[in-house]
Amino acid sequence: MSLITLAAPTPHAAPRSGFLWRLLRRPSGVVGLLLLAAIIAVAASAPLLYPDDPLDMVAQPFLWPGQDAAYPLGTDMMGRDIASGIFHGARVSLLIGAVAASVSLLIGTATGALAGYYGGRTDAALMRVTELFQTIPPFLFALAIVAILQPSIPTITLAIGITAWPSLARLVRAEVLKLRNGELVQASIALGAGDLRIIVLHILPNTLAPIIVSASILVASAILTESSLAFLGLGDPNVVSWGGMVGAGREVLRTDWYIATLPGLAIVVAVLALNLLGDGLNDALDPKGERRA
Amino acid sequence: MTTVRLSRRAFLAGTSAATLLGATGALPAFAQPAETPKRGGTLTAIIQPEPVTLTPATNTAQPTQVIAGNIFDGLVYYDFDLTPRPSLAERWEVASDGLTITFHLRKGVTWHDGKPFTAADVKWTLENVWKTVHPRNRALFENVAETQTPDEHTVILKLSRPSLPILSVINAVGGPILPRHLYEGTDLLNNPYNNKPVGTGPFVFKEWKKGEYILLERNPNYWDPGKPYLDKIVFRVITDAAARAAAIEKGEVLYAPFNPVPFRDVERLAKLPNLKVETRGYEWLSPVLYLDLNVENTHLKDVRVRRAIAHALDREAIAKVVWFGYGKPAISPVPSTLASFFDDSVPRYAFDPRKAEALLDEAGFKRGADGTRFTLTHDPLPYGDDYRRTGEYLKQALKRVGIEVNLRAQDSAAFIKRVYVDRDFDISSSYNAAFPDPQIGVVREFWSGWLGTGTPWTNGSGYRNARVDEIIQSAAIAGDPAQRVKLFKEFQQIAVSDVPTLPLLELKFFTVHAAHLKGAVAQGDQVYAGLKNAWIDDGPRQN
Amino acid sequence: MAALAHLRRGFVQIAFVVLGIAIINFFLLRLAPGDAAQVMAGEAGSATPEYMAALRRQFGLDQPLHVQFFSYLKNVLTLNLGYSFRQGLPVSELIAHRVGPTLLLMGASIGFAITVGGTLGFLAARHAGKAADTIISILALLFYATPVFWVGVMLVVVFSVALDWLPVGGMITIEAGHTGLAYAWDVAQHLVLPTLTLGLFYLAIYTRLMRASMLEVYGQDFVRTARAKGVRAHRIAVRHVLRNALLPIVTTLGVQLGSVLGGAILVETVFSWPGLGRLAFEALFQRDLNLLLGILFCSSIVVVLINLAVDVIYTLLDPRISLGGTP
């Protein structure tokens with residue numbers, strides 16, 4: 001929920017020309033986009049630069065960054081290459097972020113759209129469910145799901161996804177409510193268009209702006225949540241993720257702080273990139289300014 | 001000291017556990033203190049995790065016992081070489097046939113509520129706790145046919161068949177004695193005194209603030225004159241390892257048993273002048289880290305595969321890298337600390353990946369096109385990063401010989417269900433406390449009688465061997481210590497040769513305490529015993 | 001009238017939430033592998049089947065599931081949260097012990113986040129586009145993007161160990177036995193780092209929220225009108241803009257409580273803070289379902305009640321009521 005409000009649209013009415021151009025005009029958009037591109041490049045190049053399993057114990061443990069040129073970011077307590085871990089971890093963390101966000105988007109958008117479009121009892125029922133999910137502390141809920149299903153990448157992703165949607169549902173519902181009574185939708189109804197058709201063709205495209213903005217924030221927050229779960233010991237030991245690396249390094253935070261800090265910095269950069277991008281998108285899409293105009 | 005000598009002679013006279021425990025016992029380290037102990041002061045200690053209950057009678061969990069050892073006394077305590085020494089029992093005798101054990105109790109001992117401690121308390125506890133709900137003692141006291149109390153200070157155990165391991169478990173937590181006047185006729189598991197215990201020990205329970213601390217105060221009427229030295233002990237619950245390290249380093253906490261901080265921090269803390277890291281005081285436990293190889297698995301049921309796995313693991317590396325030197329390679333399920341039982345002639349599995357590969361080839365599991373022979377799952381004991389890292393080492397080591405390992409993470413409830421109830425695993429890791437007699441801690445892993453009961457920390461591998469079962473059952477009721485040693489040596493030969501359970505390390509647990517806390521480690525069961533010898537030297541100290 | 005309607009709605013909501021939580025959690029948590037008896041037997045390091053059977057009997061786990069559920073539901077409806085067999089205490093008592101520290105931590109963190117975050121956001125909006133705005137926005141983003149537990153551990157390293165200004169963890173200095181003012185001061189010292197840790201994350205959110213909503217209000221007609229009328233910038237910012245910009249903050253606050261409790265789990269773990277979050281976390285792993293259900297139940301009720309209060313406050317703050325005359 002915090003995440004969505006973070007992206008609450010700021011009204012700088014921009015002239016309506018190319019969307020990308022508008023995005024690139026915002027410094028936050030540019031920086032966010034560049035950082036994200038860099039992270040994606042890191043993820044993509046992992047198998048090329050580090051073809052071996054990042055879990056391999058390749059060197060002496062606790063090599064500090066710079067101590068050995070072969071391991072520029074050092075090695076962890078098991079002698080695993082941290083640089084290799086960060087490169088491979090980017091893939092896993094981005095994947096968790098993207099899939100978890102998609103799950104949230106799917107549930108949140110569907111719930112919000114149905115509630116907003118149909119109103120009445122459907123709305124009431126769906127909103128009660130949304131409220132229910134909102135009253136259970138989402139992190140605790142995610143913890144419970146992971147504990148029940150046992151930690152692995154799919155269960156962690158699912159747990160994050162199904163606990164992060166309620167605020168999005170509310171946002172979408174609010175947008176749909178506005179459009180529901182708009183001329184376009186009313187005209188379509190008059191023409192006898194089916195509900196699904198109206199929702200998919202006329203309503204959702206017009207709520208796309210907040211959804212896209214939310215998506216970037218949801219990805220960021222999923223990456224953060226994964227690291228918190230890993231900190232509490234609920235990570236998947238078979239793959240390297242940034243959160244898992246931070247979690248593994250927490251025990252030696254006092255002595256070898258670089259082990260948890262380097263992947264932690266990767267998380268910070270990724271979350272930062274996605275938030276900046278969210279800001280940029282928000283400004284560029286600027287739905288409110290447009291509607292007011 | 002006279003009583004000690006007397007009881008030792010009496011003890012030696014009874015043919016019993018003397019050989020079993022090694023008769024060499026040096027005098028305890030605190031017997032000749034270099035400095036005179038000072039009275040007074042509050043000791044802040046760490047308890048982690050928070051205990052469930054404070055009675056050791058129904059719960060043998062580690063935190064419960066750490067605290068209960070201060071509140072209760074045992075009939076005996078154990079020295080560093082595991083010799084029993086007098087506590088509530090001043091002396092004892094074991095008849096030569098092993099069928100009668102007599103305890104002569106200390107006079108003038110009172111419970112914390114002022115009532116006298118008598119033989120009736122011991123008898124009641126034995127019959128209603130040790131023989132029934134106590135998780136570990138039930139089997140050991142099963143053959144006690146009758147408990148006689150000819151007078152208020154004598155307890156005589158009449159056994160239908162010998163049970164020599166009894167003498168290895170009767171310290172404050174292994175054989176805790178409950179006040180009969182507060183427990184008789186009540187529902188033992190729900191008795192309110194479980195959480196505000198009344199014992200005879202050096203410290204009196206004062207307050208338990210859940211989630212924060214447990215406060216104990218000095219027992220002014222303690223039977224051991226002058227002791228304890230400390231006025232109060234505060235056991236603080238500190239949930240995060242980094243916070244524990246910080247609290248110890250800063251001197252907010254003076255005593256922290258059971259690996260309170262990660263190994264990497266110990267290395268650092270051990271170098272600080274104001275701290276001491278101590279690995280003594282865990283002798284009574286003698287923990288062994290092992291892998292259970294599920295013999296019902298299609299691959300692991302072949303003994304060659306199990307031996308191959310044993311050859312594929314470099315135990316020196318596990319000890320050094322994963323356990324930071326806080327462990328030494330184990331070759332037998334019986335740890336070397338149980339010197340009289342330990343058999344060092346068992347087959348050895350040297351680190352030899354080639355031999356491992358040869359054994360796997362021989363078993364018919366050739367490497368496939370991708371270099372993999374087959375895939376196994378591994379469920380590390382969910383007790384923290386050390387076991388997880390052991391699992392990560394296993395994954396890498398077995399990959400080298402062509403076995404792919406999938407690690408699975410879970411919490412302890414799920415782990416127990418998976419391994420001991422559902423038996424849905426291939427390799428699991430665990431550790432057990434061997435205790436001074438293999439009968440108590442070791443054979444649990446091998447006796448087939450446990451299979452199907454779903455009981456945690458029993459036969460995890462699913463191993464069934466008629467001879468092993470027979471040995472275990474005969475040793476339990478053998479009255480001749482030499483005969484038992486012979487039986488346990490044969491057991492080790494078979495167990496190591498069949499290797500359903502692969503011992504990895506004899507773990508060295510450690511305690512971190514302030515350098516100016518003296519007498520904190522004074523006996524072989526110290527971590528589960530009272531801190532009655534501990535005192536704070538608040539004279540000039542470096543800091 | 002509006003307030004009354006809100007209250008009625010609130011109670012319906014509570015009833016629904018209560019039922020929903022009871023049903024979802026009861027059955028969801030029963031799906032978790034392993035039970036409390038296994039956890040306890042596991043911790044004991046040794047057990048016998050008889051011992052485990054005795055534990056299950058004690059916990060009521062030997063009853064059929066539906067019997068367990070209906071007896072739980074009956075208890076909940078009579079406001080009886082049941083008994084934590086593991087802890088040997090009634091759930092309500094356990095929660096009562098822990099709720100104070102958690103509310104203190106949450107209150108202090110949110111208070112810190114709103115006042116400091118709000119001020120920073122206000123400043124950023126007043127200087128939108130200038131250096132101050134950029135710096136504040138970047139700081140806020142950094143606070144937001146840094147994992148909470150990492151911040152916590154690092155604060156301990158710096159302020160407790162290296163500088164020795166503040167205690168490492170816990171809520172009081174137990175052995176000191178403070179009372180009265182000394183006690184309050186002691187708690188305050190212990191509270192600083194946990195509050196900062198939890199607060200910084202939300203500070204980031206409120207900074208950004210405040211900035212965004214201030215800017216939004218600036219764009220609205222009545223502000224333009226005020227500007228055209230020549231009202232001074234500062235007066236506009238405080239009288240017109242700030243007041244309206246507070247609305248989304250209040251709303252967010254209500255919606256966010258659940259998430260703050262989640263964050264409290266991490267902070268309470270790092271700082272050994274004896275609160276509900278950690279209790280819930282431990283209850284989960286110990287399969288102490290009565291306790292976990294009780295905590296979820298109480299936290300939900302608190303969230304619903306506070307949202308109710310927020311709704312009422314909202315009606316009071318609503319611009320259409322308070323600023324109706326200013327077109």
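Lettering follows sequence order; numbering is per chain, from 1. Keep in mind the model is a prediction, meaning the values are calculated, not measured.
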S.K.: For B:Asn195, is it the side chain, the backbone, both or neither that has a heavy atom under 4.5 Å from a heavy atom of chain C?
M.R.: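 Contact with chain C: side chain only.
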
S.K.: For C:Glu282, is it the side chain, the backbone, both or neither that has a heavy atom under 4.5 Å from a heavy atom of chain B?
M.R.: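 When you check distances to chain B, only side chain atoms of C:Glu282 fall under 4.5 Å.
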
S.K.: At a heavy-atom separation under 4.5 Å, does B:Tyr383 approach chain C through its side chain, its backbone, both, or neither?
M.R.: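 Looking at B:Tyr383, just its side chain touches chain C.
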
S.K.: Please rank C:Leu279, C:Val156, C:Leu94, C:Val270 by heavy-atom pairs under 4.5 Å with chain B and give me the top one.
M.R.: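 Among C:Leu279, C:Val156, C:Leu94, C:Val270, the one with the most close pairs to chain B is C:Val270.
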
S.K.: Does any heavy atom of chain C fall under 4.5 Å from the side chain of B:Arg138, the backbone, both, or neither of them?
M.R.: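 When you check distances to chain C, only side chain atoms of B:Arg138 fall under 4.5 Å.
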
S.K.: Using 0.5 Å steps for rounding, measure from the OG atom of C:Ser272 to the CZ atom of B:Arg244.
M.R.: 8.0 Å

S.K.: Given the options B:Thr53, B:Ile440, B:Asn190, which has more heavy-atom pairs under 4.5 Å with chain C than any of the others?
M.R.: B:Asn190

S.K.: What's the separation between atom CZ in C:Arg278 and atom OG1 in B:Thr239, rounded to the nearest 0.5 Å?
M.R.: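 Here the rounded value is 4.0 Å.
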
S.K.: What residue in B:Lys250, B:Gln65, B:Glu249, B:Gln62 has the most heavy-atom pairs under 4.5 Å with chain C?
M.R.: B:Lys250

S.K.: Go through the atoms of B:Arg444 and report whether side chain, backbone, both or neither lie under 4.5 Å from a heavy atom of chain C.
M.R.: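 Just its side chain gets close to chain C.
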
S.K.: Looking at CH2 of C:Trp273 and CD of B:Glu212, how far apart are the two atoms once the value is rounded to the nearest 0.5 Å?
M.R.: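 One finds 8.5 Å between CH2 of C:Trp273 and CD of B:Glu212.
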
S.K.: About how many Å separate OH of B:Tyr213 and CE of C:Met171, when rounded to the nearest 0.5 Å?
M.R.: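 The OH atom of B:Tyr213 is 9.5 Å from CE of C:Met171, to the nearest 0.5 Å.
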
S.K.: Between B:Ile416 and chain C, with a heavy-atom cut-off of 4.5 Å, which part of the residue counts as in contact: side chain, backbone, both or neither?
M.R.: side chain

S.K.: Output the distance between atom NZ (B:Lys209) and atom NE2 (C:His97), rounded to the nearest 0.5 Å.
M.R.: 7.0 Å

S.K.: Between C:Asp35 and B:Lys417, does any side-chain N to carboxylate O distance fall below 4.0 Å?
M.R.: no

S.K.: Restricting to ring pair (Phe, Tyr, Trp, His ring centres under 6.0 Å), what partner residues turn up for B:Tyr387, sequence neighbours left out?
M.R.: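 Residues passing ring pair (Phe, Tyr, Trp, His ring centres under 6.0 Å) with B:Tyr387: B:Trp323.
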
